[in-house]
Amino acid sequence: MKSLKIIPLILFLVLTLFSCRSKSSSKISPLAENGVLDLRDWNFAEDGIVKLDGEWKFQWMKLAVSRPDLGPKDAAIHVVNIPGNWNQIPKLEGMNPLMAFGYGTYTLKIIPGQNQGRLMMHFQGAGTAASIYLDGKKIMGNGVVGPDNNSSRPQYLPLYVAIGQPNKEMLLQVEISNFDHYKGGLWESLRMGTEADLLNFRDNSSFSEMFLFGSIIIMALYHFGLYSLRRRDMTGLFFGAFCASICLRIFVTGERFLIQKFPHLPWEFFNKLEYISFYLAVPFFVYYLDALYPHSFSAKLRKFFIGFNLIVSTIVVVTPASIYTHTLIPFQVCLIFAILWIFFVLVRLVRNGAEGSLMAIAGMIALTAAAINDSLYSQAVINTGYYLPLGLFVFIFVQSYLLSFRFSQAFLYIERLSDNLLEVNKAYSRFVPLAFLKFLNKSDITEIGLGDQVQREMTILFSDIRSFTQLSEKMTPKDNFDFLNSYMRKMGPIIRKHGGFIDKYLGDGIMALFPSLPDQALDAAMEMLRELESLNQSRADRHYEPIQIGIGLHTGTLMLGTIGEEERMDGTVISDAVNLASRIEGLTKEFHANLLLSESTYRKLKNRRKYSFKKLGKVKVKGKSKSSEVYEVLG
C-alpha cells in the first residue's frame, strides 16, 4: 500500500524522540516504608532522580507545621500510599469520600546517603493547595493552605527548589487543603535528585511539551487552512479543532506554561480549560473519523458519545469545580467504550481495504500503547519512562499525514478533471467557437444558458461552391466528405487569420462573422479566392475539373445567441443582415462574379484603394421590398 511509505519516517521520528527522552533511573527507586525513606544505598550522581513514593504518615484535619494549635492535639496518624488522594483513606473522621473537603499533613523522614552533592526537589501538584516544609522551614508551595474555604486558595504550578547538600536525616512535611476539588491529597510524586539532573529533567519536559505544542499547532493551522480552501471537505476543520484542543491542554497541564505566564488568574479558569480541552477533543475526533470514512460509524453511537461529551462540557462551564470534577470518572468510562468502538470500526475498515485505515489504526495503537506504558510506569510495574507525549505526537502525525494524503489524492483527481475539462472545452470549441462564447461573456461552454444573447454590428461572409450538386453526383459519399473536409480545411484558417470565426457550415457553404473591420472580411474573401486558384491548380494536375465559389459580404446589426430548449440548444445568428448577406452571395451566380459586397460594407471600408470595385447598380433582392446597391470586387 502507498500508506506504508510513511512507516520508515514515523519510525525515525519515534527513535529520535526516544533518544531525547528524560534520563530514567538505572534501577528502581526505593519506596518509603512506614513514613521513612532510606536513601543510603542510592547514589544520585549515578542512579539518577528518585521519586519520594511509598508509605507516608498522614494526619487528617491537622496543619502540623503552620497551625499546630488547630485541630486535635492527638490527631490520629495514618499510613498512606503516595501518590494518592485522601478519599481512599478509610476511617477518616468526618470524611465524605464524594466531597473530600478538608486539610491534612503528610510526613516523610528521609535518610540521605553520604556525599550526595547539591540536591534539588521537584513538586508537581496536589489537590488543591499545598505548602512544603523541610525540617520545619517552608521551601515551596502552591496557592494558600487554610482550614476553610475562605482562607484556602488553590493553585497548580510545577516547582523546583534547591535544598543544598544534606548530610543528616530530613523531615519532609506537606500541608494540603482542599475545598474545591472532589478529590484532595498528594496526587503527584515528589522527586529528588541532583540540581543538574532535575534541571535537565525540567528542560527535557519543557522541550518535549513545546515541541509537541509547536508541531500540533502547525498541524491545526495547516488543516484549518485546507478547510478554508475546500469547505466541502469537513475533515480539515474537525482535525484542526481536535489539534487545537490538544494544544490548549498541553498549555494548562505538565509544566503548565499558561499558568506560569498568568499566575494571578483564577485557578477555576485554568481548571475549566483543562477539563474542557479534554472533553471536547473526543467529539472533534469522532466527527473527524466520521468525515474521513462516511457511513462507517453508527449514527446512534456517534450521537450518544457526542451528546454525552457536550453534556459534561456544559457542566464544566456552568458549575464550580466541586461539582464538575465528578464528571471525570464517567467521562473516562465513556472514553474507554469510545476507543473500543473506534478500534472495532477501524479493524473492519482495514479488513475491507479502506484507503488509509491501516495508518489510522497504527496511530491509535501508538497512542494507546503509550498511555498503557505511562500507567504501568507510574505504578512502578515497569521501568521505562513516560511516553504519552511521544505517542500523542505519532498519533497526530499519522492522522495529519493521512489527511494530507487524502488532500493530495483529491488534488490529483482535480488536476485530472481539469485536464479533462480542458480537453472537453477544446473539443466543444470545434462545435461552438470560442469567439461566440466571448461575445456572450462566457469563459467556457458550461456557462452557456438558453436565451443568452448579445447585439453587435458585424460583417457577415457567405460562401458557396458552385454546382456542387452536379459535382457530388460524380463522387461516392466518402469522396464527398473527404472533398468537403479538404476544402474547409483550407478555408477555415484563412477566416480565423483575418479576425473572423465560422458560425456554421451549410453543407458546401460557409457562414462566417467578422466582429471588427469590414476590411478584414474583404481581405479574407480575397485570400479565399487566391487559395481556390491554388486548389484548382492542384486539381488540374490530378485531372480533376476546377471548382468555383461565390462569396457575398454584408455589414449590419445582428443578434448572436442561443436557441432551442433545455436538453438541446444551438448557437445561431438572427438578423435581417444575415438574410441579406445570403442573398448577395446568391447574386454571384447571376452576375457571374466571384465576390460581391453590399453598399453598407462598401461604405464602411477603411481602405478602398486596396482593391478595385465595380458598381453593379441597385438590385432588388428576393424577399426584400427595397433595392440594394451591390458592388463587385475586381481585384
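Note: hydrogens, waters and symmetry copies are ignored here, and every other heavy atom, side chains too, is used.
One N or O on the side chain of S208 and one on the backbone of S205 form a donor-acceptor pair closer than 3.5 Å. Side-chain N or O atoms of Q124 include one that pairs as donor or acceptor with a backbone N or O of G254 at under 3.5 Å. In this structure a side-chain-to-backbone donor-acceptor pair under 3.5 Å is present from N309 to F305. The backbone N or O of V316 lies less than 3.5 Å from a partner atom in the side chain of K272, making a donor-acceptor pair. Formation of a donor-acceptor pair under 3.5 Å by the D290 side chain with backbone atoms of V286 is not found in this model. Judged purely by atom type and a 3.5 angstrom limit, N85 has no side-chain atom pairing as donor or acceptor with the backbone of G184. Between the side chain of E209 and the backbone N or O of E255 there is at least one donor-acceptor pair closer than 3.5 Å. The closest donor-acceptor contact from the side chain of S206 to the backbone of D203 lies at 3.5 Å or more, if one exists at all. Put simply, the side chain of D53 never gets that close to the backbone of S189: no donor and acceptor are under 3.5 Å apart. With hydrogens and angles ignored, the 3.5 Å screen pairs a side-chain donor or acceptor of T105 with a backbone N or O of K62.
Side-chain atoms of E188 and Y156 include no donor-acceptor pair closer than 3.5 Å. In summary, the side chains of Y324 and N271 do present a donor paired with an acceptor at a separation below 3.5 Å, with no hydrogens or angles considered.
Distance check: I49 CD1 to M121 CE gives 12.5 Å after rounding to the nearest 0.5 Å. Going from atom CZ of F242 over to atom CD of Q399 covers 7.5 Å, rounded to the nearest 0.5 Å. For the atom pair CG (L108) and CD1 (I82), the distance works out to 9.5 Å, reported to the nearest 0.5 Å. The line from OG of S66 to OH of Y133 is 4.0 Å long, rounded to the nearest 0.5 Å. Taking CD from Q173 and NZ from K138, the interatomic distance works out to 13.5 Å, rounded to the nearest 0.5 Å. F343 contributes atom CZ, which lies 7.5 Å from atom CG of L346 (distance to the nearest 0.5 angstrom).
Between H326 and T319, every side-chain heavy-atom pair lies at or beyond the 4.5 Å cut-off. Using a 4.5 Å cut-off on side-chain heavy atoms (C-beta onward), S296 and L349 make contact. Looking at heavy atoms from C-beta onward, F269 lies out of side-chain contact with F262 at the 4.5 angstrom threshold. Residues M364 and I339 have side chains in contact (heavy-atom distance under 4.5 Å, counting atoms from C-beta outward). Contact check for N81 versus E55: side-chain heavy atoms found under the 4.5 Å cut-off. Counting heavy atoms from C-beta on, the side chains of I396 and C243 come closer than 4.5 Å. Contact annotation: the side chain of V345 approaches that of W341 to within less than 4.5 Å [non-hydrogen atoms, C-beta and beyond]. A 4.5 Å side-chain heavy-atom check between L280 and L248 finds every atom pair outside the cut-off.
The shortest non-hydrogen separation linking I176 to G127 is CG2-O, 3.2 Å. Summarising the geometry of T128 relative to H181, their closest heavy-atom pair is CG2-CB, 3.6 Å, with the distance given to 0.1 Å. The heavy-atom pair separating V50 from P30 by the smallest distance is CG2-CD, 3.8 Å. Minimum heavy-atom separation, N142 to Q155: CB-O, 3.5 Å. The two residues W86 and Y103 come nearest to each other via the heavy atoms CH2-CA, 3.8 Å. In this structure, L37 and A32 approach most closely via the heavy-atom pair CD1-N, 3.6 Å.
Within the 6.0 Å centre-distance limit, the rings of F58 and Y106 are counted as a close aromatic pair. A centroid separation of 6.0 Å or more is found between the aromatic rings of F213 and F257. Between F337 and F304, the ring centre distance reaches or exceeds 6.0 Å. Aromatic pair Y275/F331: centroids not less than 6.0 angstrom apart.
Scored by the salt bridge (charged side-chain N to carboxylate O under 4.0 Å, His left out) test, R153 finds no partners at all (sequence neighbours excluded). When the salt bridge (charged side-chain N to carboxylate O under 4.0 Å, His left out) test is applied to D74, no partner is found at least two apart in sequence or on another chain.
A 6.0 Å sphere centred on OH of Y287 holds no more than 12 heavy atoms belonging to other residues, nucleotides or ligands. Enclosure of atom CD in E33 is not indicated, since only 12 or fewer non-hydrogen atoms of other residues, nucleotides or ligands lie within 6.0 angstrom.
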Inset, instruction - Go through the steps for T253 and F270 under the test side chain to side chain contact (heavy atoms under 4.5 Å, CB included), then give the verdict. - result: CA-CA 9 Å; T253 58; F270 292 115; over 6 Å; no

Inset, instruction - May I have the step-by-step check of side chain to side chain contact (heavy atoms under 4.5 Å, CB included) for W56 and T107, ending in yes or no? - result: CA-CA 6 Å; W56 288 48; T107 303; 5.8 Å; no

Inset, instruction - Report the C-alpha distance between F101 and S322 in whole Å, list the side-chain angles of each, state the deciding distance to 0.1 Å, and finish with yes or no for side chain to side chain contact (heavy atoms under 4.5 Å, CB included). - result: CA-CA 9 Å; F101 292 167; S322 58; 3.5 Å; yes

Inset, instruction - Evaluate side chain to side chain contact (heavy atoms under 4.5 Å, CB included) for K57 paired with N34, printing each intermediate quantity in order. - result: CA-CA 7 Å; K57 292 181 179 180; N34 198 28; 4.3 Å; yes

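Ring-plane geometry between F44 and W42 is classed as perpendicular, the angle between the planes exceeding 60 degrees on a 0 to 90 degree scale with a lower cut at 30.
Between R256 and E274 there is a salt bridge, since at least one side-chain N of the basic residue sits less than 4.0 Å from a carboxylate O of the acidic one.
Under the ring-ring contact (aromatic ring centres under 6.0 Å, His included) test applied with Y288, the options F239, Y227, Y293 reduce to a single match, F239.
Cation-pi check for R202 over Y160 is met; the charged atom lies under 6.0 angstrom from the ring centroid and within 45 degrees of its normal.
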